[in-house]
J.: 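Below you'll find the structure I mean.
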Amino acid sequence: MGAPSPADVGFGLLQIATVILALALLHRPLGDWIARVYTDAKDWRVERGAYRVLGVDPHSEQTWQAYARGVLVLSVVGVLFVYALQRLQAVLPYSLGLPPVPEALAFNTAVSFVTNTNWQSYSPEVTLGYTVQLAGLAVQNFVSAAVGIAVAIALVRGFARRGSGTIGNFWVDLIRGVTRLLLPLSVVAAVALLTAGVVQNFAGVTEVTTLTGGSQTLPGGPVASQEAIKQLGTNGGGFFNANSAHPFENPTPWTSVFEVLLMLAIPFSMPRAFGRIVGDVRQGYAILAVMGSLFLVSLAATTWLEALGSGSAPQLAGGAMEGKEQRFGIFGSTLFTAATTLTSTGAVNSMHDSYTALGGMVPLVNMMLGEVAPGGVGSGLYGMLVLAVIAVFIGGLLVGRTPEYLGKKLGPREITLASLYILVTPTLVLMGTALSFALPGVRADVESTSIWNPGVHGLTEVLYAFTSAANNNGSAFAGLTANTPWFTTALGVAMLLGRFVPIVLVLALAGALAAKDRVPGTAGTLPTHRPQFVGLLAVVSVVITALTYFPVLTLGPLAEGLV
Amino acid sequence: MSRTRTTLRSASVAVRAMILFTLVLGVGYSLAITAVGQLTAPAQANGSLVRNAAGETVGSTLIGQSFTDAEGAAVPGYFQSRPSAAGDGYDAGASSGSNLGPENADLLDAIGERRAAVADLEGVDPGHVPVDALTASASGLDPHISPAYALLQVPRIAEARGLPEAEVRDLVTSTLQERDLGYLGEPRVNVLVLNLALDAPRDER
């Protein structure tokens, strides 16, 4: 055993190649479909029914303020719904005899699922019955994903429209995202997962006597339906505590690759939809190229570091297999880890807390990039487009010209909005981490109750938690006990602000852009579909992240891995 | 005033949207998938339960078990699973990894103890214990071990059961699962399936 053999490496690379090939085949038809979904003039019959129930006119258009109000009000209602369901758990059917979820934890969980984060401060098996899982969490898995895509499409419309006071209709975008994209794909994915052994029943637990006469309590539950949308909507909240490492969520190596594909499918198809809607698919390819190259570099890094297996425990055991499943091995684990942290999914099929110091730093850095390579459904595209605005601005500064992107002149308002956007999550991450150790009462509790691994690794656990929450990822260095008053509150606030402040800024940007006319390109315009711009945008993404986070990384994973 | 009214109007739309989504996505979608599962793949949908020769349900082929006695000592006649951090070990109501970091002294101690215990049980050099026997899985419910760890246990099983080593080795080989489609994931041996095969009457294997 020990280091992977050349055969292991070969098979591991083939596994990665399979994912790349599948995405290469999928992103064009799926991206074209997404573009059609949000530009189609016709409504489906079921959609007309839905608009009647909602009481909205599907042909009315909204200003960015009205669009943002829709997003925010729906999300507030969502939080209240999920909170109420948890608090009423004891009187709901199929609660498995579980008590109401305590206030702080219920708040954290409601916020977590509405913000598409799916951070789990709780252990599902002992906290949530089937009704909360279905009526609360599964519903938000769909809705939060549809909201993310809607916001991205609204921003794309901002680039595509000229002199327009409106950016679309939020309720139409929301409904269509569910009826034409998320629900049909989830049905197909759920049935595929079922056949492999992902459970789907309402049987509660099955008590069995094991071969040696012990007893084992096998869980049941509507898992396949939840698993499909959990991955497809880049949500990530596991039905079970072990998430996609649990054999009932992810029973075989092929389901694991399939779940990776589900996470990546929509985010990697969004650039194509973007290119279609702005009427220049080359612009989409440029964005895709940036996302794809960052993805491959990161995947290569974490795979290489885990296969190398540095650090005391991996060296002593002969490999970095602590917290990894035999059926996935190193390669199946790191592929999932890269996909789950570079999208905003946060599901895990191996335990990041037990990764080598530097191998575990890569998923942390993936999230710090701001979830843009390819990022969450919708949020990945709008995050990358904001970075593109910044990149064009920097390019403009270098040559002393007014920056333009897609024919839109970018003025002080647009640059201000984009700059505020990229400040939000770093502020939340660094403030949250710093306060965890700076507030005297909090620090004692964090160190004695929450931190699981001593030394600098404990700092990394806290840093990882705030990075995950603020970037709406949801994965964890799961040794951290986050079900404390400080973490449920602070992480809840980080998730809320990390989701909705950027969304409002993006919609304001969309409104500002939509109102502008297009200016014709000149010889001095920076072309944004060429390798030169791809390089510039990739460098900007990495440099912003590196400048922001390098100091704190030296205190955590770099100190652990290099000293 | 008008802003208040617009917000109230949005709230009413949002509440209706949430009720509609709850009915369609929370209830309808989940029940539809459940119906499909129960009709087309009931064995998988219900947890891939497995029975022994006497017809009693003894577990799930997807969920690992401890093959230890009441004191936690390995039963010599059974192949042993990986270490588990789920509850007291393979507690299917408490799936979990250890989450111990790479420099955590507790993990270093645990690896050392496991290495000594496995080497002692199997009567092999401590340097020959494979990595999956020394590390706890992510779920704590890993049903598999590596082919290397399975083969390491063959002599002990053969002795405890009074069987020829070749016969036990053949059983391991016939239980071994190759990589999915020949290249996805890792080769593996399902410990519960293998132990059930050991328990089955010889002519039914």
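Naming convention: chains lettered A, B, ... in sequence-line order (proteins, then strands); numbering from 1 in each chain.
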J.: Contact part of B/L23 toward chain A, heavy-atom cut-off under 4.5 Å: side chain, backbone, both or neither?
T.: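 Answer is neither: B/L23 stays 4.5 Å or more from chain A.
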J.: How many angstroms lie between CD1 in A/I229 and CD1 in B/I33, if you round to the nearest 0.5 Å?
T.: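 Between A/I229 CD1 and B/I33 CD1, I get 11.0 Å after rounding to 0.5 Å.
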J.: Given that the side chain runs from C-beta out, which part of A/S123 has a heavy atom under 4.5 Å from chain B: side chain, backbone, both or neither?
T.: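 Answer is neither: A/S123 stays 4.5 Å or more from chain B.
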J.: Suppose a student defines contact as a heavy atom less than 4.5 Å from any heavy atom of chain A. Which residues in residues 176-188 of chain B would they list?
T.: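 Hits under 4.5 Å: B/R179, B/D180, B/G182, B/Y183, B/L184, B/G185, B/E186, B/P187, B/R188.
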J.: OG1 of B/T22 to CZ of A/F81: how many Å apart, nearest 0.5 Å?
T.: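 If I round to the nearest 0.5 Å, the distance is 5.0 Å.
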J.: When you measure from the side chain of B/R115 to the backbone of A/L316, do you find a donor-acceptor pair of N or O atoms at a distance under 3.5 Å?
T.: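 Checking the backbone N and O of A/L316 against the side chain of B/R115, a donor-acceptor pair under 3.5 Å is found.
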J.: Roughly how far, to the nearest 0.5 Å, is the OG1 atom of A/T217 from the CG atom of B/D91?
T.: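 Result: 6.5 Å between the selected atoms.
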J.: Could you look at B/V75 and say if it's the side chain, the backbone, both or neither that has a heavy atom under 4.5 Å from chain A?
T.: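 Only the side chain of B/V75 comes within 4.5 Å of chain A.
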J.: Pick one of side chain, backbone, both or neither for A/A478, based on which atoms fall under 4.5 Å of a heavy atom in chain B.
T.: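 A/A478 touches chain B through backbone and side-chain heavy atoms alike.
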J.: Could you grab the distance from atom OG of B/S95 to atom CZ of A/F239, nearest 0.5 Å is fine?
T.: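 Separation between the atoms: 11.5 Å.
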J.: Would you mind reporting whether A/F477 and B/N99 have side-chain heavy atoms less than 4.5 Å apart?
T.: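 No. Closest side-chain heavy atoms not under 4.5 Å.
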J.: Could you tell me whether the side chain of A/Q216 and the main chain of B/G64 form a donor-acceptor pair under 3.5 Å?
T.: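 The answer is yes, because a donor-acceptor pair under 3.5 Å joins these two groups.
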J.: With heavy-atom distances below 4.5 Å as the criterion, would you say the side chains of B/V58 and A/V208 are in contact?
T.: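 Side-chain contact under 4.5 Å: no.
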J.: List for me each residue that meets side chain to side chain donor-acceptor pair (under 3.5 Å) alongside B/S48, sequence neighbours excluded, and say none if there are none.
T.: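 So B/S48 forms no side chain to side chain donor-acceptor pair (under 3.5 Å) with any residue.
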J.: Under a 4.5 Å heavy-atom cut-off, does chain A meet the side chain of B/T61, its backbone, both or neither?
T.: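 B/T61 has no heavy atom closer than 4.5 Å to chain A.
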J.: Please classify the contact between B/Y78 and chain A as side chain, backbone, both or neither, with a heavy-atom cut-off of under 4.5 Å.
T.: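 Just its side chain gets close to chain A.
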J.: What residues form a salt bridge (Lys or Arg N to Asp or Glu O under 4.0 Å) with B/E122, not counting sequence neighbours?
T.: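 Result, salt bridge (Lys or Arg N to Asp or Glu O under 4.0 Å) vs B/E122: B/R156.
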J.: Taking it one step at a time, do B/S98 and A/E322 satisfy side chain to side chain donor-acceptor pair (under 3.5 Å)?
T.: CA-CA 8 Å; B/S98 76; A/E322 182 73 22; 2.6 Å; yes
J.: Examine whether an atom of B/L108 lies under 4.5 Å from a heavy atom of chain A, and if so say whether it belongs to the side chain, the backbone or both; otherwise answer neither.
T.: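 For B/L108, backbone and side chain are both near chain A.
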J.: Would you kindly say whether B/S139 and A/E325 are connected by a side-chain donor-acceptor distance under 3.5 Å?
T.: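 Yes, A/E325 and B/S139 have a side-chain donor paired with an acceptor closer than 3.5 Å.
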J.: For B/L100, does its backbone N or O pair with a side-chain atom of A/S354 as donor and acceptor, under 3.5 Å?
T.: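 Here the side-chain-to-backbone pair exists.
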J.: Taking side chain as everything from C-beta outward and backbone as N, CA, C, O, which of these in B/L62 sits under 4.5 Å from a heavy atom of chain A? Side chain, backbone, both or neither.
T.: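 For B/L62, backbone and side chain are both near chain A.
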J.: Which answer fits A/Y355, side chain, backbone, both or neither, if we ask what part of it has an atom under 4.5 Å from a heavy atom of chain B?
T.: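 Backbone only.
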J.: So, taking the atom named CZ in B/F21 and the one named CD in A/Q140, what distance separates them when rounded to the nearest 0.5 Å?
T.: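 The distance works out to 9.5 Å.
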J.: What part of A/N243 lies closer than 4.5 angstrom to a heavy atom of chain B: side chain, backbone, both or neither?
T.: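 When you check distances to chain B, no heavy atom of A/N243 falls under 4.5 Å.
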J.: Among residues 37-45 of chain B, which residues come closer than 4.5 Å to chain A, judged by heavy atom distances?
T.: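 Interface residues of residues 37-45 of chain B: B/G37, B/Q38, B/Q44, B/A45.
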